[in-house]
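To find a chain, count down the sequence lines: A is the first, B the second, and so on, and within it residues start at 1.
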Amino acid sequence: MKKVRNLDHGADSLVTVRRSRINPLYTLIGAVVLSGLLTWAPWFLPAADVSILQNFFILVIMATMWNLLAGYAGMVSIGQQGFIGLGAYAVLYFAIKGVNPFVAIPLAIIVCAIIALPVTYLLLRLRGGYFSVATWVVANTAMLLILSFTLLGGGTGAALPGLVNLSPDQLNHDRYLSTWFVALVVVVATYLLLRSRLGLVLSSVRDNEVASRSSGTKVTSTRRLIFIVAAAGCGAAGAVLAISQPFIQPGNEFSLSWTAQMLFVSMIGGLGTIEGPILGSIIFFALQQWLQNWGAWYLIIFGAVAVSIAIWQPRGLWGIVRDKFHFELLPVGYRVNDATREPVPRKSDGPSWRSRFARKKDGPESVAT
Amino acid sequence: MPLLQLEGVSKRFGQVVVADGITFQLEEGASVGVVGPNGAGKTSMFGLISGDIKPDSGSISFEGRDLHRVATPTRCRMGIGRTYQIPQPFEHMTVFENTLVAAQQGARTRGVASYEKAYQSLERVGMAALANRPAGSLALLHRKRLELARALSSNPRILLLDEIAGGLTDAEVVDLSAVIRGLQGEGIAILWIEHVVRALLSTVDRLLCLANGALVADGEPREVLASDAVRTVYLGGRIINESGVS
C-alpha cells in the first residue's frame, strides 16, 4: 500500500494505491504450504499420480507462457510448439555431447531465448492473423531443420542418453522435482514480471498499440522482450518434456497439439490472468481423467467445453471468480483507495471498497468535478 | 528558441495531399487553435508532430531538436503529449492504470511518484472518483477526459488536443475549456483542433486555419475567423461572391 499526495488535500494524503485486496502474507503462506506439499509429493503419492502431476506442471508452464504472450501482450502465437521442440532437442544435443540432461535444462532455455531474438525481427513486423500464421511457419521450419540433423536422429528421433545410471525410483523423483521446480520458477517469474512496470506496459500494448506508443511506450522492444521470454519458457517446457520421456521424436516434440492444449487451457481458465492457465490445467487434467475411456467423445466434449466457454464466458472460469467475488490470488493490477471521499472500514480490503465505486458507477454522482 | 517549429512540412498519401508546406512555430505556454473543414489535414498535422506519420519533406523541431529520426515514444518523453479525436483508452485496464502507463513511460516516473502523477492528472480532469473503473465502461465525456488525463500524466510541454470537445454538451464544453485554461496557466503550450469554435475562442489566443493540407490563415482568433481566406474555405466564398451574396 503506497500513499499518494492528493491535489485537494496536500501532502497529508489519504489516497492509497494497493496492489492486492487480500493481505499478501496470506497468499505467501498459502504458496509456501502448497509448494512444500508439491515438493514432497513423490514421497506420499502413488507413482501414477506423480506422473500426472508432472504432466500437469509441463502444461502449466506452456499455458503460462502462452497466456503471457497472447493474454497480456496480445500476440496470438500458434507456433510455440517450435520452441518446445527446440528446447527438447537442445537437451538431447547437450546430453549426446556428455552434459547431464538435468544440467542441460537451463542451457536449453538459453538456446531458445537466443534463437528467438533473430526470429522477432521477422515476426514483429506482422500483426494479427499474419503474425499467428508466421509463428506456425517458424515452428515448422524449426522442425524441418532438426530433421536434417542425423546426430539428433533425423525423422525417427533418438533416445536421451545420460539417464541410464539412475535407478527408476531416483529417475522418477528427479524428473518430477526438476519439472516442478521449473514450473514454480516460471509461474513466480511471470507473476513478478507482470507486477513490474513491464506488466502494465504489456497490457497497454495489448489494448491499444497506437495509444501506448504515444504514451511513451517502446512497443516493439516490449513485444520483443516478451516474445523472447515466452520462447525461453516454452523451451523450458520442452526441456522438462524431454527428460520425462525415454525417446525424443520430432513429431511429438513439435506437435501442434501442444499449442492447442495451451490455447484450450488458457481460454477455459481465463486469458489475461495468472491464475487462469493454472485453473485451466486442473480442469484439463480432470476432464482427461474422467473422459479417458470415452473414445472419440473425449475430443468432442473438450471441443464443446472450449466453444461454450468462448461464447458464454470469454473471460474464462477464473473470470467468474474474479468478477463475482473480486478475488485474486496473484493480483497484478492497481487499486486506488481515496479515503477523503468515503471512510474505509478496516476489514474492507476487498469487495466492499471496490463495490463503493461499483454502486456509484451508473449514477451522476460518480463524476467528481 | 521556439518550443515547436514546423518548416515546409509536406505529406501526401497517393494523390491526397494531407500537408502542403506547413510552416509555423509555437512559443512556450502558447495557446493555439486549429480549424479547417473535414479533410483539411488537421489530424494528419498532429500525426506528423507526434511521430505517428513521417513527413515526405520539411522539418519539425522541438526545443531546437530536429525530430526527423525521433520515434513517437521518445517524442512523448520529450514532452509532446497528444489526445485522439476518437478516444483510444486501454479498455481492459482501469482508469488509474491508463494514466499510470503514461506517468511511468512518458514522464519516466517510478513508484509513488508515478502514482501521484497519474492520480493528480485524474483529479485535474475531475475523474479521480472513477479511478478503479474499467476504461472500457466509460461514456464519451469520460473517455475524452481520460484522453486528456493520460496526456497530462506524460508530463507534456505541449499538448496536442484533437477535437476534445466534439460530441459534448454545452455545459461539458464549458467545464473542459476551464480545465484546458488551467493547463495554460501552468506553462503547457496548447495546440487544439476543434470544430466547437466558441470553446476555442474562450481559450486560445491564436488561430490557424488549414485547407487541403495548407496553412491558409494564422493570427488573432477573431481576425482569422473573419478573414476572406477562412470564409472561402468554409463557405465556398468564390461561389457566394459570384452570386453577389457576399
Side-chain angles (χ1 to χ4, degrees), chain A residues 2-9 13 15-18 71-72 74 196-222 271-272 315 332-338 340-342 353-358 360-362 365-369, chain B residues 50-52 71-77 80-84 87-108 110-112 114-116 118-120 122-133 135-137 141-142 145 147 150-151 153-154 175:
Chain A
K2 305 275 187 184
K3 285 192 172 181
V4 175
R5 193 162 55 240
N6 178 309
L7 279 185
D8 299 333
H9 301 274
S13 168
V15 179
T16 53
V17 174
R18 309 179 71 119
Y72 282 97
S196 73
R197 298 197 305 165
L198 186 62
L200 194 69
V201 168
L202 271 186
S203 301
S204 75
V205 172
R206 173 202 61 200
D207 277 7
N208 195 318
E209 200 175 310
V210 172
S212 184
R213 191 173 273 121
S214 66
S215 297
T217 299
K218 296 194 170 174
V219 172
T220 306
S221 314
T222 306
L271 267 179
R315 288 159 64 82
V332 295
Y334 298 79
R335 296 280 158 182
V336 176
N337 176 22
D338 182 352
T340 58
R341 291 171 207 285
E342 209 170 299
W353 74 256
R354 181 197 158 101
S355 62
R356 80 196 160 87
F357 285 122
K360 289 178 175 180
K361 71 180 180 184
D362 295 316
E365 72 277 15
S366 64
V367 184
T369 52
Chain B
S50 68
D52 291 340
T72 303
T74 310
R75 292 187 195 200
C76 173
R77 292 172 184 189
I80 300 176
R82 78 165 289 184
T83 69
Y84 288 88
Q88 310 273 341
F90 306 128
E91 300 218 346
H92 298 98
M93 299 165 72
T94 66
V95 165
F96 177 72
E97 287 166 349
N98 265 259
T99 52
L100 191 59
V101 171
Q104 292 187 343
Q105 299 303 313
R108 310 299 290 157
R110 285 168 176 260
V112 176
S114 69
Y115 299 162
E116 281 184 1
Y119 188 78
Q120 289 173 359
L122 289 175
E123 283 193 310
R124 285 161 82 172
V125 302
M127 284 191 66
L130 304 178
N132 294 324
R133 282 271 296 274
S137 70
L141 169 67
H142 292 135
R145 288 187 178 211
E147 283 281 302
R150 197 172 59 198
S153 293
S154 67
D175 277 355

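With chain B as partner, the option from A:V201, A:T217, A:V219 having the largest number of non-hydrogen pairs under 4.5 angstrom is A:T217. Taking chain A as the reference chain and counting heavy-atom pairs below 4.5 Å, the highest number among B:C76, B:A103, B:S153, B:G106 is found for B:C76.
A:T220 contributes atom OG1, which lies 10.5 Å from atom NZ of A:K218 (distance to the nearest 0.5 angstrom).
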Mind running side-chain hydrogen bond (donor to acceptor under 3.5 Å, both in side chains) on B:T99 and B:Y119 for me, showing each step along the way?
CA-CA 8 Å; B:T99 52; B:Y119 188 78; over 6 Å; no
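Neither the backbone nor the side chain of A:V205 comes within contact range of chain B; no heavy atoms are under 4.5 Å apart. Contact annotation for B:T72: both backbone and side-chain heavy atoms come within less than 4.5 Å of a heavy atom of chain A. Using a 4.5 Å cut-off between heavy atoms, B:S137 makes no contact with chain A at all. Looking at B:L122, neither its backbone nor its side chain comes within 4.5 Å of chain A, counting heavy atoms on both sides.
Heavy-atom contacts from other residues, nucleotides or ligands closer than 6.0 Å to CZ of B:R110 number 12 or fewer.
Judged by distance alone, the side chain of B:N132 and the main-chain N or O of A:V336 form a donor-acceptor pair under 3.5 Å. The main-chain N or O of B:H92 is found under 3.5 Å from a side-chain atom of A:D207 such that the two form a donor-acceptor pair.
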